Chemist: 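The structure that follows is given in the form of structure tokens.
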Amino acid sequence: MPDEADANRLAALPSVDRLLRSDGALRLLEEHARPAVASALRQALEVVRSELKASNGKGWRVPDEETLVAEASTLLERRAKGSLRRAINVTGVVLHTGLGRAVLAREAAAAVAAVAEGHSTLELDLESGERGSRQSHVEGALCGLTGAEAALAVNNNAAAVFLALSALARDAEVVVSRGQLVEIGGSFRVPDILQAGGARLVEVGTTNRTRIGDYRAAVTERTALLLLVHPSNYRVVGFTASPTVREVADLGRELGIPVMEDLGSGALVDLSAHGLAPEPVVRDSVEAGADLVCFSGDKLLGGPQAGLMVGRRELVRRCAAHPLARAVRCDKMTLAALAATLRLYEDGTATERVPTLAALLRRPDDLLRQARRLASALRRQGWSVQVVPGASQVGGGSLPGEDLPTTLVSLDPAPLSAEDLARRLRLGNPPVLCRLHKERVLLDPRTLPREEERHLLAAFR
Ligand SMILES: *Cc1c(COP(=O)(O)O)cnc(C)c1O
């Protein structure tokens, strides 16, 4: 009976206590505390037990003590390094959600460290010595940069949209174009978030064409909001039509119904002026008459994870006063990073100093130079590499279909397979994330700061 055989094999496994007395464990105990070593050994045994179960006993042998201790040692090393670590991104995706989206500006990272290491003025009005509002650190800048009357920062844009729907449209109808019922990154679907916010979805138009008359016809006395959603991560092309923000805003004003726009990325500067495809700018939506505009802090803005709401004072006030606002409020580190990032926009230095914008706007000759430098360094290490033209992506559901010309280092992984080399790079310290294409490993320098180059080269060594 296989069960009996398994039981015998399990019984043959040494106990944690016995392993702790082995020579290998004694060596580990010189460097790590006893409870940590015991826990790693327990985890190593756990792994072995689940392997036995998965294999149904076929081809499975009881590992010796040395193997178990070696496994525990790897676990201890991994734990000491921590799992959330800095990583090197040469995938060519600037806003990579898996890699933490926007990289903070140096000024923003310093502001985070400053409020993290000491007490701070988070909710203190220094003038009066009284309790102040944590929003005061960012509201002025957000209003100044977008032309809005009022602003509110919460944990992320999903929370901002959810809060707005809960505060403004609970038990009421929200009119949305069928062409804008989008899903962003799997966990954010417009119909679902409407439902969760207690609003009733009223779909208008068709997937490719919606007219202003469709919105007008859908409005009833139960309508609380006209909602526009920027279809961030895809594009409808061909026979299409949708009214402008201004047209919908004018209709809303005529009928006395607020208009909210979920902009997603929310650029604060017009990137098309720098040669990128046009992406809606928050100020333009506010100027066109949208009453409330929501966008992310860590997409094109290039700041910390946050959801920003800007718009008419009365609507922002209702959102801020809703009990959910307390549940999704930002912490001091987010606010410090956001305030410092917004200051760079106010200074007019954002395109150079906000890493997301700087990476998007890197010049082709600069990328070519960096790719060549990396290629020669890798050649000196004995790798066979080529420098080839390629494309980077914005990522983070921003500027869909917009490929940015770049120069790639294309590396022959031999004697390893491309998969194996990529895996080794991923498991290194720091982890390196690259792209694979047709059995070659591709490195895009766009998101590689100069000071990370030596770590990348060390990883290949
Ligand atoms: C990205 C995005 C969201 C979600 O924003 P998070 O900050 O990731 O929560 C919502 N709506 C749109 C249109 C988006 O592009």
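Whatever order the structure lists them in is the order used to number ligands and atoms, beginning at 1. Note that the structure is a prediction, hence the values are computed from the model and not measured.
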Chemist: Give the intermediate values and the outcome of side chain to side chain donor-acceptor pair (under 3.5 Å) for residues Glu247 and Thr244.
Modeler: CA-CA 5 Å; Glu247 284 173 292; Thr244 61; 3.3 Å; yes
Chemist: So, Arg312 and Glu149, do they make that salt bridge, N to O below 4.0 Å?
Modeler: no
Chemist: Does any N/O atom on Val229 come nearer than 3.5 Å to any N/O atom on ligand 1?
Modeler: no
Chemist: Under a 4.0 angstrom heavy-atom cut-off, which atoms of ligand 1 come close to His230?
Modeler: 13 (C)
Chemist: Can you tell me if Val161 contacts ligand 1 (heavy atom of the residue under 4.0 Å from the ligand)?
Modeler: no
Chemist: List every atom of ligand 1 that sits less than 4.0 Å from any heavy atom of Phe188, numbering the atoms from 1 in the order shown and giving each element.
Modeler: 10 (C), 11 (N)
Chemist: Test: salt bridge (charged side-chain N to carboxylate O under 4.0 Å, His left out). Region: residues 202-217. Which pairs qualify, not counting sequence neighbours?
Modeler: Arg178-Glu203, Arg216-Glu254
Chemist: So Phe188 and Val182, do their side chains get closer than 4.5 Å, heavy atoms only?
Modeler: no
Chemist: Say you draw a straight line from CD of Glu107 to CG of Leu344; how long is it, rounded to the nearest 0.5 Å?
Modeler: 4.5 Å
Chemist: Under 3.5 Å between any N/O of Ser296 and any N/O of ligand 1: does that happen in this structure?
Modeler: yes
Chemist: Taking the minimum heavy-atom distance to atom 8 (O) of ligand 1, which of Lys299, Gln305, Arg101 ranks first?
Modeler: Arg101
Chemist: Tell me the side-chain hydrogen bond (donor to acceptor under 3.5 Å, both in side chains) pairs involving residues 162-173, sequence neighbours left out?
Modeler: Glu173-Thr220, Glu173-Arg222
Chemist: Below the 3.5 angstrom mark, is there an N/O of Asn157, backbone or side chain, next to an N/O of ligand 1?
Modeler: yes
